[in-house]
Amino acid sequence: MLLDKSKGHRILKYTGVLFSTLLSTAAVAENLSKFEITYIDEPGKGAFSTEPFTTSDGTETTLGEHRQALLAHVTRAVSLQFNHGPIAHKLHVEFDVWEGYAATTLGPAYSEVMEGTMTDEFGVMQIGSSYPGTLVSALLSQDYQSDEDALVSFMPNIATFTASGDDKHPSFVYAAYHEMMHVLGFGRTDCLGNCLPEPVSRDGHLSPYLFYNDDGIIKEFESLSMEKKTDAYLSTDNFWFGGSPASRDAARAELTSGHQDGYVYMYATPNPDTGSVDGQAGSHFSFDVQPAQLMYSTNARTEDISMAAYLLCDVGWCRNQGKVIEQSVVASLNENASSDTETVIDIVVQENLNIGVDEFVLNIRPDAAIQVLSLEDPDSLCVAVSEGYQCKGQLLPLAQIDLRLIVTPAEQYVIDGEIYSTGFDVDRNGFNNILDTKLVKAKEAEPNQPETPTSTAPTPAVQSNESGGGAFTFLLMPLLFIAFLRRAKLKFY
């Protein structure tokens, strides 16, 4: 581990052997991925395992390739949820994690804004506060990190890579989805409680939105003494996220428990063994928050990031007129409208949050084996491009746009594509932004690996049994010592 203090930045650098790099993206001409993944597993292990693996649709592959495909799918979904700017987030990934954890994230590194340093055009970064490198890169539209943004570790348990029960995805997918939210800045830079050499707390991107209910008096977290901040981290249901008016309105409207007039409970339960501050406090929502949340310390199995969307929106991922949105796209065969000479594929775009999207882009890429006759586009939103069609337009609240792709009959139809906002919005569900679908005539739609086509219906959240592990951010040398322990394979909580 090295600490780079050049230009006033505090940047975590990890020195290690690099075995492979994957730019996670769909196999398409337009590269929308904003994650550059470097796998650091040893040859033959983790992402490079050659153990034979059969996917849910019968495809024969290796366990390592399947792991990489699943993570690429998750990062593609997250790429479509946020406006990341031109800079890719650089991740080091391994399939080796502390016992009892589904995943952990070391990072991202934080930078304190100082007098005379560059600030962003949106007015998000404030002097004296610290911001995660992933957000800084997006705000400045330049590469902030000279090395990786974060080291993400996952459990190698083979059972986590196959969906079970009513789960839509393997549990690994939900764990990875959770960790990507930490990579984007869902977390705190504090070390309170048993810290070496002493507790630390710095104002950061999340600080203005945190509050402590101190015996009925709501106090701003930034104004608290170190002792009171520690009390907040131990207060169970009295450490709160109180976001923008839109965020609090959403909490009041959606949450059935776990909030007080829109102030959402953060995880602040003392460690059950020691009674001290739990390492996951301040970087997750309380389990009292219902419906279940992806950003519990033990993540719920849900595609909807729910209140995490509002938190990440408030801290800077929404800029200008950006807002939390939820749009989806799905394709299906229309057997009734089809004939012996042509097949009709309905493509439906929908706004699901009653808030609207100022401008969306929809890419439709029929497989080369499909002979396309025409695209019925009543609103003239689409134009033909080399890979298929690109559509642009506005989505009014709860609006639906119906397109019809007319093709010649075939045994199956494979279509790739995605939808995303061109504004600085945060989309609550990245998976239903992915159009990728394999349609089989006279049968229900079947998926391309690794995921099933999504629909506009909400996915029920299921509670995971593994600890999400959370994010570990880096500001000071003591926290780098913690990371050293991790790399030395010593047990640490």
Side-chain angles (χ1 to χ4, degrees), residues 26-30 32 73 76-77 79-81 168 303 325-339 341-353 356-422 427-448 451-459:
V28 298
E30 183 176 7
L32 296 173
H73 190 70
R76 184 180 175 206
S79 295
L80 298 170
Q81 284 180 277
K168 192 171 186 179
E303 294 180 344
I325 62 172
E326 215 289 272
Q327 60 186 342
S328 61
V329 60
V330 65
S332 61
L333 284 176
N334 188 331
E335 298 280 4
N336 293 330
S338 300
S339 68
T341 58
E342 61 183 34
T343 298
V344 176
I345 300 174
D346 288 335
I347 299 175
V348 178
V349 174
Q350 196 160 351
E351 198 284 325
N352 305 312
L353 203 59
V357 179
D358 293 337
E359 184 183 57
F360 71 87
V361 171
L362 169 65
N363 294 317
I364 304 170
R365 294 181 295 273
D367 185 79
I370 298 177
Q371 183 178 350
V372 178
L373 301 176
S374 64
L375 178 71
E376 293 185 3
D377 171 22
D379 298 314
S380 301
L381 301 176
C382 307
V383 296
V385 295
S386 58
E387 299 86 10
Y389 297 92
Q390 185 171 81
C391 313
K392 294 183 180 180
Q394 181 184 23
L395 265 179
L396 297 176
L398 299 182
Q400 178 174 307
I401 296 175
D402 298 301
L403 305 172
R404 280 191 169 183
L405 188 67
I406 314 299
V407 301
T408 57
E411 290 297 319
Q412 66 179 28
Y413 310 89
V414 177
I415 300 174
D416 290 339
E418 59 278 315
I419 189 171
Y420 59 92
S421 167
T422 62
D427 198 314
R428 289 177 51 152
N429 185 342
F431 291 98
N432 65 12
N433 291 357
I434 298 174
L435 178 60
D436 299 7
T437 311
K438 180 167 67 177
L439 303 170
V440 180
K441 197 168 185 179
K443 294 181 181 180
E444 293 182 2
E446 295 180 357
N448 276 338
E451 297 297 337
T452 54
T454 55
S455 68
T456 57
T459 304

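When a residue number appears, it is its place in the shown sequence, counting from 1.
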Residue list, side-chain contact (heavy atoms from CB on, under 4.5 Å) with A337, at least two apart or on another chain: N334, V344, R404
Qualifying residue, where the test is side-chain contact (heavy atoms from CB on, under 4.5 Å) with D416 and the options are D436, T437, L435: D436
Heavy-atom closest contact (A331 atom, I345 atom, distance): CB-CG2, 4.2 Å
Minimum side-chain heavy-atom gap I434-H73 below 4.5 Å: yes
Rounded distance (nearest 0.5 Å) linking atom CG of D377 with atom SG of C382: 4.0 Å
For D367, salt bridge (Lys or Arg N to Asp or Glu O under 4.0 Å) partners two or more places apart: none
Euclidean distance, I325 CD1 relative to L395 CG, rounded to 0.5 Å: 8.5 Å
Donor-acceptor under 3.5 Å (Q81 side chain, D427 main chain): yes
I364/C391 under side chain to side chain contact (heavy atoms under 4.5 Å, CB included): CA gap, chis, key distance, verdict: CA-CA 8 Å; I364 304 170; C391 313; 4.2 Å; yes
I347, L381, L405, N363 screened by side-chain contact (heavy atoms from CB on, under 4.5 Å) with Y389, the one that passes: L405
E335 side, atom CD; K441 side, atom NZ - distance, nearest 0.5 Å: 6.0 Å
Under 3.5 Å side-chain donor-acceptor pair for E418 and N433: no
Euclidean distance, S421 OG relative to E326 CD, rounded to 0.5 Å: 12.5 Å
Tell me which donor-acceptor pairs under 3.5 Å the side chains of residues 406-413 have, and how far apart each pair is, sequence neighbours excluded?
| unit_1 | atom_1 | unit_2 | atom_2 | d |
| --- | --- | --- | --- | --- |
| Y413 | OH | T343 | OG1 | 2.9 |
| Y413 | OH | A410 | N | 2.7 |
| Y413 | OH | A410 | O | 3.2 |

Atom pair CZ (R76) and CZ (F431), whose distance is rounded to the nearest 0.5 Å: 11.5 Å
Q327 and I419, any side-chain heavy atoms less than 4.5 Å apart: yes
Main-chain N/O of L353 paired to E351 side chain as donor or acceptor, under 3.5 Å: yes
